[in-house]
Number of protein chains: 4
Amino acid sequence: MAAKRWQRRKEDRSGEILEAALFCFSKKGFAATRMEDIARRAKIAKGTVYLYFDSKEAVFKALARGSMGARLEAVQALIAQYQGDTADLLALVITNIGEFARGSDRVILPRLMLAEAGNFPDLVKFWRLELLDRGLGILQSIIRRGVESGEFRDLPTEHVARLCIAPLMIVVIWRTTFAQFDKEPYDYQGLVAAHLQILLHGLSAGSDA
Amino acid sequence: MAAKRWQRRKEDRSGEILEAALFCFSKKGFAATRMEDIARRAKIAKGTVYLYFDSKEAVFKALARGSMGARLEAVQALIAQYQGDTADLLALVITNIGEFARGSDRVILPRLMLAEAGNFPDLVKFWRLELLDRGLGILQSIIRRGVESGEFRDLPTEHVARLCIAPLMIVVIWRTTFAQFDKEPYDYQGLVAAHLQILLHGLSAGSDA
Amino acid sequence: MAAKRWQRRKEDRSGEILEAALFCFSKKGFAATRMEDIARRAKIAKGTVYLYFDSKEAVFKALARGSMGARLEAVQALIAQYQGDTADLLALVITNIGEFARGSDRVILPRLMLAEAGNFPDLVKFWRLELLDRGLGILQSIIRRGVESGEFRDLPTEHVARLCIAPLMIVVIWRTTFAQFDKEPYDYQGLVAAHLQILLHGLSAGSDA
Amino acid sequence: MAAKRWQRRKEDRSGEILEAALFCFSKKGFAATRMEDIARRAKIAKGTVYLYFDSKEAVFKALARGSMGARLEAVQALIAQYQGDTADLLALVITNIGEFARGSDRVILPRLMLAEAGNFPDLVKFWRLELLDRGLGILQSIIRRGVESGEFRDLPTEHVARLCIAPLMIVVIWRTTFAQFDKEPYDYQGLVAAHLQILLHGLSAGSDA
DNA sequence: AATGAATGAGTATTCATTCAT
DNA sequence: AATGAATGAATACTCATTCAT
């Protein structure tokens, strides 16, 4: 539990390697990244990587598994203590994830996962179960709350949850794939704002004739 | 002795190879697919592939370039001759693309493109310019028409266009990546329906007090 | 209609193939020449070559064996009927071979043989026995005649014969290998003339004190 | 257990590889030599060769470039300090090169270069400019000196220089190509001696009436 | 712990050769 | 006889992994 002092160094190394690997994988993909690329970027020797990870695959999996769940838990905590309009809560959650999608350099992780899904089925399963299903579950519970309180129209929550997320995934994909050809930077924040306007308006029970 | 080893069929070899390649690439990714895999699936010899394509990369590019534009043009034709509500038109277009997303086996093409984007920058450019920008342009013009006719609220069309598409991309990604872990098949049609309900409701000018 | 009268006969084809092969081999070497190169140059289909030759090796051997002996026999005939100074005869023979070396497009044959010697030991043997030994034998007999008649100094004929040939081989090598970098064309005729001057002078018995 | 599989010896690996390559190339030619042949002969693994050379071509070029210029410089030094008859100097130089031609195992280098000339045009240029032109230049300056001092007849030096070398090239070719079929070893030394006798005699101004 | 030279399995590509047309 | 599509063996080169130092 407590971090052992003499392992301190080791943990740092491991993190540096993952950082380097993230950079390389996101730039060239898993297959096209050579262990030496990772090592060079981490400023260590090729062999050293193997002191921390069994194989290139292990590096990738450690990368893909780590550090994504934390955010989810943060969102969960946010919700637990929330008092107020469901619409505001939903807006808060979507904005929060939106911030991540448009700002964090970690977005390359989902991009990576999508790209290599074919080669790492168990990783897909992990993402599906640990992140997607959990995340969608949280959203569904929010939406259900809105329906029950009469704020939202009664639409199938499993679909609505996905519809909340979809534009954020667009942000991720756009940033990691197509942004390089933008002449002027795309206004991600505006997209999220428009999304919220349409979504909340569209969900709103009161606005229905 | 053996069944005909030489089956001359220049006719559609190229198409068969692309079909086989599509299958292999979508299953294992570009890098992990061996030319021999493609050849075996196309039931020809390794060397034969090279009679039709210069390299593995050329196969991939031919695949990624082909057959996606046709659908776009179909949609364009649909719109050109359309008379009636903009909302209905938008619903029609989204449903049309949705049908593709949830039914066609060609959806692996966008999946593939996303996956290999890092290794084929010029291909990304092609998709961006020839498909995305064109497609988004079409949607924007529809939305603008709705705004001008007073049917839709005045929201930034470049964002709204993306919001129309986003859930369809979710369908594509879900089908090609996560569907394998569904216990019961996900109701894509329901998703598109919910999308339309929220979107059209959310866009609708009349509902706003 | 009936068979085309003007259709080329088999023998012609074979010659055309050899001609094409000579061109290709001399340009790119044996290994780097593809059967298709030969076929294309001969303006026939790849498969057709195999109607005339069993393999690429067979083409090369047919080429290397043919058409070199004829010249040797011409020289032999020249000598047989010659009456006069041995020095003049030697000059005549050397000039004759020199003409070949500096003018004929067949010089690529020895060049080719040298280049591929390692891969075709039996061909080397053929050249050695059928051409070199015979050619050197003829030269030796001339020189011996000169020694016996008192025209030439008494030097070992097996060496002198080679010394007569050596500059001509230089011509061959120069033309086929280094000439491409000459700024102004090298004066092969002048070389042969200088060779004769030195050789005959050097051999001459009279000039020795 | 097994005998050391990893023998770290960065020291002279490169030289060993070149040595092995020289052997293989001279035996089978460039194209027919497999990288594995070279590796096996150098007693290392296939991949190791690539730690020292970028490609098979690079191995060949390193080989062809190296170790030939040194001898030329030795000859140049010899001349620079020489005092005495030009005829003696010329004899000395020719004998020196002759020793190389008939004794050194490096003669396969020119043989190799001739054989592969077609595939390595830039290498031909290197040999032409760095070795041939320089070598011929040295010889021409010697001959010019002889002409100016009145020892030699006034013949075109560019031709005479080549005539000095020609028999030595014969030695190289004979040794590397035809010697294998000699029943009794050919007397290369005798050839060089005869060459000198005829050449010096033939050049000598005094002997002319 | 760290290094990086060495290894060798794995694959894209070429091209001599075959044979149905 | 002629063709050229199809075959598949052969090989240069890459790179994940090992381990002597």
Side-chain angles (χ1 to χ4, degrees), chain A residues 6 9-10 13 31-40 43-59, chain B residues 1-2 4-11 13 31-39 42-59, chain C residues 3-4 7-10 13 31-40 43-59, chain D residues 1-2 4-11 13 31-39 43-59:
Chain A
W6 59 88
R9 173 85 182 153
K10 186 164 180 172
R13 265 295 151 81
T33 293
R34 291 175 301 134
M35 282 303 246
E36 192 158 6
D37 298 333
I38 299 174
R40 192 180 346 261
K43 293 187 185 164
I44 55 176
K46 214 183 337 174
T48 307
V49 179
Y50 285 89
L51 296 177
Y52 296 88
F53 299 96
D54 283 343
S55 64
K56 189 162 77 151
E57 213 168 286
V59 174
Chain B
M1 240 171 143
K4 296 181 185 183
R5 269 181 23 187
W6 273 265
Q7 296 218 12
R8 185 170 308 182
R9 273 188 326 176
K10 181 160 188 176
E11 355 155 358
R13 267 292 147 78
T33 293
R34 291 175 304 134
M35 281 304 245
E36 193 158 6
D37 298 334
I38 298 175
K43 294 189 184 161
I44 55 177
K46 215 184 335 171
T48 306
V49 179
Y50 287 90
L51 294 178
Y52 295 88
F53 299 96
D54 283 343
S55 63
K56 191 162 75 152
E57 214 170 284
V59 175
Chain C
K4 302 161 193 167
Q7 202 165 14
R8 291 190 249 249
R9 276 164 315 149
K10 188 160 178 170
R13 265 293 151 82
T33 293
R34 292 175 300 135
M35 281 302 247
E36 193 157 6
D37 297 333
I38 299 174
R40 199 187 333 269
K43 294 188 184 164
I44 55 176
K46 215 186 333 176
T48 306
V49 179
Y50 286 89
L51 295 176
Y52 296 88
F53 300 96
D54 283 343
S55 64
K56 190 162 78 151
E57 211 168 285
V59 174
Chain D
M1 248 178 142
K4 297 181 185 181
R5 267 184 21 188
W6 274 263
Q7 297 220 12
R8 187 168 306 185
R9 274 190 324 180
K10 183 161 186 173
E11 354 155 356
R13 268 291 147 82
T33 293
R34 289 173 307 133
M35 282 305 245
E36 195 157 5
D37 298 334
I38 298 175
K43 293 187 183 164
I44 55 177
K46 211 184 342 168
T48 305
V49 179
Y50 287 90
L51 294 178
Y52 295 88
F53 299 95
D54 282 343
S55 63
K56 191 163 76 155
E57 215 170 281
V59 174

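Residue numbering restarts at 1 for every chain, and letters A, B, ... go by the order of the sequence lines. Just so it is clear, the values below take in all heavy atoms, side chains as well, and ignore hydrogens, waters and symmetry mates.
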Dot-bracket summary - DNA chain E, pairs being Watson-Crick or G-U whose distances fall under 3.5 Å, with | when paired to another strand: .||||||||||||||||||||

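Within the 4.5 Å cutoff, the side chain of A/T48 has heavy atoms near those of the A/R13 side chain.
Comparing D/E36 and C/G47 by the nucleotide of DNA chain F whose heavy atom lies nearest to each, the residue mapping closer to the 5' end is C/G47. The residue among C/A45 and B/K43 whose nearest nucleotide of DNA chain F lies closer to the 5′ end is C/A45.
Nearest heavy-atom pair, B/D37 versus B/A32, reported as atom, atom and distance to 0.1 Å: OD2-O, 4.1 Å.
A straight line from OH of B/Y52 to C1' of E/dT13 spans 18 Å, rounded to a whole angstrom. The distance from atom OH of A/Y50 to atom P of F/dA20 is 17 Å, rounded to the nearest whole Å. Between the P atom of E/dT14 and the NZ atom of C/K56 lies a distance of 15 Å, rounded to the nearest Å.
Interatomic distance, A/E36 CD to A/K46 NZ, rounded to the nearest 0.5 Å: 4.5 Å.
Comparing F/dA6, E/dA6, F/dT11 by their closest approach to the side chain of B/R13 singles out F/dA6. Which of E/dT13, F/dT7, F/dA16 sits closest to the side chain of B/M35 comes down to E/dT13. The side chain of D/I44 approaches E/dT7 more closely than any other nucleotide in the set F/dT3, E/dT7, E/dT18.
On a pure distance criterion of 3.5 Å, a polar donor-acceptor pair joins the side chain of C/K46 and the base of E/dT17.
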